Amino acid sequence: MPRRKQPTIPDELLDQLLAGSDPRIALADGGLLDGLKKALAERALNAELDHHLETGEPDGRGNGRNGYSAKSVLTDTARLDLQIPRDRLSTFDPQLIAKYQRRFPGFDDKIVSMYARGMSTREIQGHLRELYGLEVSPDLVSAVTDAVLDEVTEWQNRPLEALYPLVFLDAIRVKVRDEGTVRNKAVYVALGVRADGTKEVLGLWIEQTEGAKFWLRVMNELKERGVADILIAVVDGLKGFPDAINAVFPKTQVQACVVHLIRRSLDFVSYKDRREVAAALKEIYRARTAELGEAALDAFDEGPSGRKYPVIAQTWRRHWPEVIPFYAFPTEVRRIIYTTNAIESLNAKLRRAVRARGHFPHDDAALKLLFLVLNRASKDWKMPQREWSAAKAQFAILFQDRFAIT
């Protein structure tokens, strides 16, 4: 999109406006800029009323001006005391600032933007006070951000594409107050990769029930929203997921997330040994075939790192049935399955916002924040991964009746 050209103001007009006064005073609270906003807003409102009166009433009744009413309106930098023009029949409803609107256009967007960056309602309140001298209540901030919930519902029910070659499913933990007790809840994120290689968050779900029943509901929801096929689903050992996805999408290949396996393995390792263990694990997931990978796992188990940290080999063997499909794919596809930078980067942003919040008063508060963070992050997703062209050609061969290069 071309960058919009900023309007220019002639120097002569600026000199006239400043009239020799200190520019710093003009920029201060209640200075020239705030005065200009007030003057322009009142002029625009009067122009709106003039147009309303010229248009006339639908029933032909006569109308006219009826003085002004005072109204305080919050802008993104100040509180303006405006004189709102009235009409005798009270049929005038301004478009610039509606009858019951107390915040100038753009003010709500600024609050939502700060909230999406992980700031709490109290922090936003303090930020507006310190920077702009605006006193807003935490209830106002909550009311503004709660308006996002309608958007969340619409987004969560929007139609999806028929085919997603890849879907990554991962979870983050959030603390939510539930019946007077703060509980750890899992919020699951589904990140889909479209046929052209671009990414899309398919949905957010807070787990209410354990295991297969929950995942069956999620899969049925995706199907109802238009998803007909998923080629590969990459998951982090989610309980009950393989059975649930195959019940709805029987042809989908379920693949354990290798990145999570590696990370889980290194959780058992002391810092000084991590480099050595990570190098040894590469021999397993970079093996050419499943047989060679299993042989590398046996060698790791019998080697010094395996003997020192026996739980690592046990973890890999427990997930081995979901690791094996990885070896059937060519290098280009493996790299995309293994290199889950997209969802890793996404989860880092989500966790940062969650940490800043502490705990949430209810599920909707958690969904609201995570949706805003996701929405902000997805604006940077313009290009597919650089390996996608090669992977796409491989998908066309591996899934020839289900995937076609367009």
Side-chain angles (χ1 to χ4, degrees), residues 164-173 186 188-193 197 199 215 230-243 245-246 252-269 273-301 303 305-306 309-348 350-351 384-388 390-392 394-395 398-399:
Y164 288 91
L166 285 171
V167 171
F168 296 95
L169 288 125
D170 201 3
I172 66 166
R173 293 282 169 179
Y188 292 99
V189 183
L191 177 68
V193 179
K199 299 180 290 292
W215 282 112
I230 298 170
L231 301 184
I232 304 170
V234 183
V235 300
D236 175 27
L238 301 173
K239 183 182 177 184
F241 182 79
D243 292 339
I245 193 170
N246 288 140
T252 297
Q253 177 67 67
V254 180
Q255 171 65 53
C257 179
V258 176
V259 169
H260 281 88
L261 264 177
I262 296 167
R263 185 179 294 122
R264 195 174 301 128
S265 300
L266 295 178
D267 284 343
F268 302 113
V269 179
D273 293 335
R274 285 195 169 196
R275 187 187 296 265
E276 180 183 343
V277 172
L281 290 174
K282 282 183 183 179
E283 299 298 321
I284 303 171
Y285 62 83
R286 287 188 176 179
R288 189 167 50 83
T289 65
E291 291 76 15
L292 291 174
E294 192 165 15
L297 177 58
D298 291 338
F300 174 87
D301 194 14
S305 296
Y309 304 106
V311 70
I312 294 178
Q314 293 169 15
T315 301
W316 279 76
R317 288 200 171 99
R318 189 164 58 250
H319 293 281
W320 196 249
E322 286 80 42
V323 175
I324 288 174
F326 179 80
Y327 295 103
F329 299 117
T331 305
E332 294 84 358
V333 178
R334 281 198 205 183
R335 193 174 293 123
I336 286 179
I337 294 173
Y338 166 73
T339 312
T340 55
N341 289 339
I343 201 160
E344 290 297 302
S345 172
L346 190 62
N347 281 342
L350 294 174
R351 289 190 179 98
Q385 288 180 250
R386 61 184 178 183
E387 300 92 352
W388 186 253
K392 187 166 62 171
Q394 295 289 343
F395 281 132
L398 294 167
F399 305 98

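All values reported here derive from a predicted model rather than from experimental measurement.
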* Asked: Can you tell me how far the CG atom of L398 sits from the CD1 atom of I232, to the nearest 0.5 Å?
  -> 7.5 Å

* Asked: From L266 CG over to D273 CG, what is the distance, rounded to the nearest 0.5 angstrom?
  -> 10.5 Å

* side-chain contact (heavy atoms from CB on, under 4.5 Å) evaluation trace for H319 with V258 -> CA-CA 10 Å; H319 293 281; V258 176; over 6 Å; no

* Of the non-hydrogen atoms in I324 and A290, which two are nearest, and what is the gap between them? -> CG2-CB, 4.1 Å

* Donor-acceptor contact below 3.5 Å, side chain N246 vs main chain T252 -> yes

* Roughly how far apart are Q253 CD and I245 CD1, rounded to 0.5 Å? -> 10.0 Å

* Nearest heavy-atom neighbours spanning V254 and P325 -> O-CG, 4.0 Å

* With sequence neighbours left out, write down each residue that passes ring pair (Phe, Tyr, Trp, His ring centres under 6.0 Å) with Y327, or none if nothing qualifies. => W320

* Structure fact -> Minimal heavy-atom distance between A391 and V333, with the atoms involved, is O-CG2, 4.2 Å

* **Exercise: identify the closest heavy-atom pair between R274 and V269** => NE-O, 3.6 Å

* Evaluate side-chain contact (heavy atoms from CB on, under 4.5 Å) for W316 paired with L281, printing each intermediate quantity in order. => CA-CA 10 Å; W316 279 76; L281 290 174; 3.9 Å; yes

* Which distance, rounded to the nearest 0.5 Å, do you find between the OH of Y164 and the CG of L191? -> 10.5 Å

* Pairwise distance CG(L169) to CD1(I230) - rounded to 0.5 angstrom -> 7.5 Å

* To do: Please report the C-alpha distance between L166 and W388 in whole Å, then the side-chain angles of each, then the deciding distance to 0.1 Å, and finally whether the side-chain contact (heavy atoms from CB on, under 4.5 Å) criterion is met.
  => CA-CA 11 Å; L166 285 171; W388 186 253; 4.2 Å; yes

* Of all heavy-atom pairs between R334 and R288, which one has the smallest distance, and what is that distance? -> NH2-O, 2.9 Å

* To the nearest 0.5 angstrom, please state how far the CG atom of L261 sits from the CZ atom of R318. => 9.5 Å

* **Stepwise side-chain contact (heavy atoms from CB on, under 4.5 Å) check, E322 with V235** => CA-CA 9 Å; E322 286 80 42; V235 300; 5.9 Å; no

* Structure fact -> The single option from V189, V259, V193 that satisfies side-chain contact (heavy atoms from CB on, under 4.5 Å) with F168 is V193

* Structure fact -> All heavy atoms of A190 vs all of V167, minimum pair found to be CB-CG1, 4.5 Å

* ring pair (Phe, Tyr, Trp, His ring centres under 6.0 Å) against F300, all qualifying residues, sequence neighbours excluded -> none

